[in-house]
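Just below is one structure, and these are the notes that go with it.
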Amino acid sequence: MGNIRLILILPLCALLQACGGLKLIDVPKSSAALQLTTAQQQTIQPKLKLIRDIVEDYDFEKKQLEADYQVFRAGITQRSYSRYEDRFTDTRTRRDLYEFREEARKFLRQRNIYLNEVKDLIEEVVAELTPDQRVKLAELKLPKLEVPLMLQRDPYNELRYIPNHPLGGANVF
């Protein structure tokens, strides 16, 4: 009876592990999944920890940029409500927009630097692995440094302003 349970539980565990996805930056689990030797652990684990640190730094900077964006949007909304009350001038909004754009550009440049560093570290890790371990590495989730939604281009932008069209434009009704 115990063997039957074991036979039923093992595929379920394998399925759950495949669905959840083991992350490369989880050093102990990824080292165990790759079945690293002690010599490989001494060279690969510091690189995996460095990748994890890069991802954590990126996530912190991303959260900071998102918070700054919320402050920027709140300032614009607040000023637009008081526009008619205290003789609103647009120079402050333009200055704030310029400062936020510069901050976003710096963030994207730093993201590219992080991407290059992670790519180089992964190449160094792959060079240390055996062919079987490379196959297992391909199954691991590699870190993604995703661009925040506010900095992504709008995929429907061209559809929003089609003149005289039912989906958009001035003459909808």
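Distance check, rounded to the nearest 0.5 Å: CG of Leu129 to CD of Gln35 gives 11.5 Å. Separation of atoms OH (Tyr69) and CG (Leu151) is listed at 8.5 Å; rounding is to 0.5 Å. Distance check, rounded to the nearest 0.5 Å: NZ of Lys119 to CG of Asn112 gives 11.5 Å. Taking CD1 from Ile44 and CG from Leu36, the interatomic distance works out to 5.0 Å, rounded to the nearest 0.5 Å. Taken to the nearest 0.5 Å, the CG atom of Leu145 stands 10.0 Å off from the CD atom of Glu117. Rounding to the nearest 0.5 Å gives a distance of 14.0 Å between NZ of Lys29 and CG of Leu34.
Counting only heavy atoms from C-beta outward, the side chains of Leu108 and Arg105 never approach each other to under 4.5 Å.
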Only pairs under 3.5 Å count here: list side-chain donor-acceptor contacts from residues 55-65, not counting sequence neighbours, and write none if there are none.
unit_1: Tyr58; atom_1: OH; unit_2: Glu146; atom_2: O; d: 2.4
unit_1: Glu61; atom_1: OE2; unit_2: Tyr114; atom_2: OH; d: 3.0
unit_1: Gln64; atom_1: NE2; unit_2: Asp68; atom_2: OD1; d: 3.4

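Open room surrounds CZ on Arg101; 12 or fewer heavy atoms of other groups in view lie less than 6.0 Å from it. Residue-environment remark: CZ (Arg109) exceeds the threshold of 12 foreign heavy atoms within 6.0 Å.
One finds no salt bridge joining Lys106 and Glu103 here, because no Lys/Arg side-chain nitrogen approaches an Asp/Glu carboxylate oxygen to under 4.0 Å.
Take Thr43 and apply the side chain to side chain contact (heavy atoms under 4.5 Å, CB included) test, not counting sequence neighbours, and it matches Glu128.
A distance-only check finds a donor-acceptor pair linking the side chain of Gln40 to the backbone of Thr37 [under 3.5 Å]. Judged purely by atom type and a 3.5 angstrom limit, Gln133 uses its side chain to pair as donor or acceptor with the backbone of Thr130.
Linking Ile, Leu, Val, Met, Phe, Trp and Tyr whenever their side-chain heavy atoms come within less than 4.5 Å leaves Val135 and Ile122 in two separate clusters. Tracing side-chain contacts under 4.5 Å through hydrophobic residues (I, L, V, M, F, W, Y), one reaches Leu142 starting from Leu115; they form part of the same cluster. Hydrophobic cluster membership differs between Val118 and Ile113, with clusters built from Ile, Leu, Val, Met, Phe, Trp and Tyr side chains linked at under 4.5 angstrom.
Across all non-hydrogen atoms, the minimal contact from Val125 to Lys47 is CG2-CB, 4.0 Å. Across Arg134 and Val126, no two heavy atoms sit closer than the pair NE-O, 3.0 Å.
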